Q: 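One structure, as structure tokens, below. Some questions next.
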Amino acid sequence: LVGMNGIDIFVDGSKQAEIQFGETVLLDVVAGERKIQTRLRGLLDRRSKVLPVTFAEGEPVFIMARYSRMWGNIKLKRV
């Protein structure tokens with residue numbers, strides 16, 4: 001999107017990855033209760049709400065982030 005510089009992905013408040021719209025990232029996360037959040041970098045920074053997720057050892061977890069142009073926010077959802 002025009003004016004957007006990328007998306008940062010945070011696990012427990014620590015930046016783990018930087019991606020662009022439409023990209024997918026694979027992260028190794030320590031098992032247990034974690035807090036996932038994204039930040040859209042652009043003219044204005046937009047943060048998603050924190051999504052609490054429980055990670056089990058060796059089991060993949062899929063999370064989708066959707067950006068709403070109308071509301072200017074990012075929603076995270078476990079899929």
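These numbers come from a predicted model, not from an experiment. Position 1 is the first residue of the sequence; numbering continues from there.
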Q: State which residues pass side-chain contact (heavy atoms from CB on, under 4.5 Å) with Ser68; sequence neighbours excluded, sorted by chain then number.
A: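 Once residues adjacent in sequence are excluded, the partners of Ser68 under the side-chain contact (heavy atoms from CB on, under 4.5 Å) criterion are Met70, Trp71, Asn73.
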
Q: Write down the atom of Ala65, the atom of Leu76, and the distance for their closest heavy-atom approach.
A: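 It is CB-CD2, 3.5 Å.
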
Q: Could you name each residue pair satisfying salt bridge (Lys or Arg N to Asp or Glu O under 4.0 Å) that touches residues 70-79, not counting sequence neighbours?
A: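 Qualifying pairs, neighbours excluded: none.
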
Q: Not counting sequence neighbours, which residues clear salt bridge (Lys or Arg N to Asp or Glu O under 4.0 Å) with Arg46? List them please.
A: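 Checked Arg46 against salt bridge (Lys or Arg N to Asp or Glu O under 4.0 Å); zero matches.
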
Q: Under the rule for side-chain contact (heavy atoms from CB on, under 4.5 Å), what residues qualify as partners of Ala17, not counting sequence neighbours?
A: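 In terms of side-chain contact (heavy atoms from CB on, under 4.5 Å), with neighbours along the sequence ignored, Ala17 is linked to Ile9, Val25, Leu27.
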
Q: Hey, quick one: are Phe10 and Ile74 part of the same hydrophobic cluster, counting side-chain heavy atoms closer than 4.5 Å, chains of contacts allowed?
A: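 Different hydrophobic clusters.
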
Q: Check whether Tyr67 and Val50 end up in the same hydrophobic cluster, where Ile, Leu, Val, Met, Phe, Trp and Tyr are linked by side-chain heavy atoms less than 4.5 Å apart.
A: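 They do not share one cluster, since no chain of ILVMFWY contacts under 4.5 Å joins Tyr67 to Val50.
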
Q: Hydrophobic clusters here meaning ILVMFWY residues chained together by side-chain heavy-atom distances under 4.5 Å, can you tell me if Ile19 and Val61 are in one?
A: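 Result: yes, single cluster for both.
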
Q: Apply the hydrophobic cluster definition, ILVMFWY joined by side-chain contacts under 4.5 Å directly or through others, and give me every member besides Val79.
A: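 Besides Val79, the hydrophobic cluster comprises Phe62, Met64, listed by chain and residue number.
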
Q: According to salt bridge (Lys or Arg N to Asp or Glu O under 4.0 Å), does anything in residues 16-39 pair up with another residue at least two apart or in another chain? List the pairs.
A: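 Residue pairs passing salt bridge (Lys or Arg N to Asp or Glu O under 4.0 Å), neighbours aside: Asp8-Arg39, Asp12-Arg34, Lys15-Glu18, Glu18-Arg41.
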
Q: Using every non-hydrogen atom in the two residues, find where Ala31 and Ala56 come nearest and quote the distance to one decimal.
A: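 Closest approach of Ala31 to Ala56, heavy atoms only: CB-C, 4.1 Å.
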
Q: Mind running side-chain contact (heavy atoms from CB on, under 4.5 Å) on Phe55 and Val11 for me, showing each step along the way?
A: CA-CA 12 Å; Phe55 291 88; Val11 177; 5.7 Å; no

Q: Quick one: pull up CG in Leu43 and CG in Asn5 and give me the separation to the nearest 0.5 Å.
A: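 Between atom CG of Leu43 and atom CG of Asn5 there are 7.5 Å.
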
Q: Look only at the side chain of Ser48 and the backbone of Thr38, and say whether a donor-acceptor pair between them is shorter than 3.5 Å.
A: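 Such a contact is found between Ser48 side chain and Thr38 backbone.
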
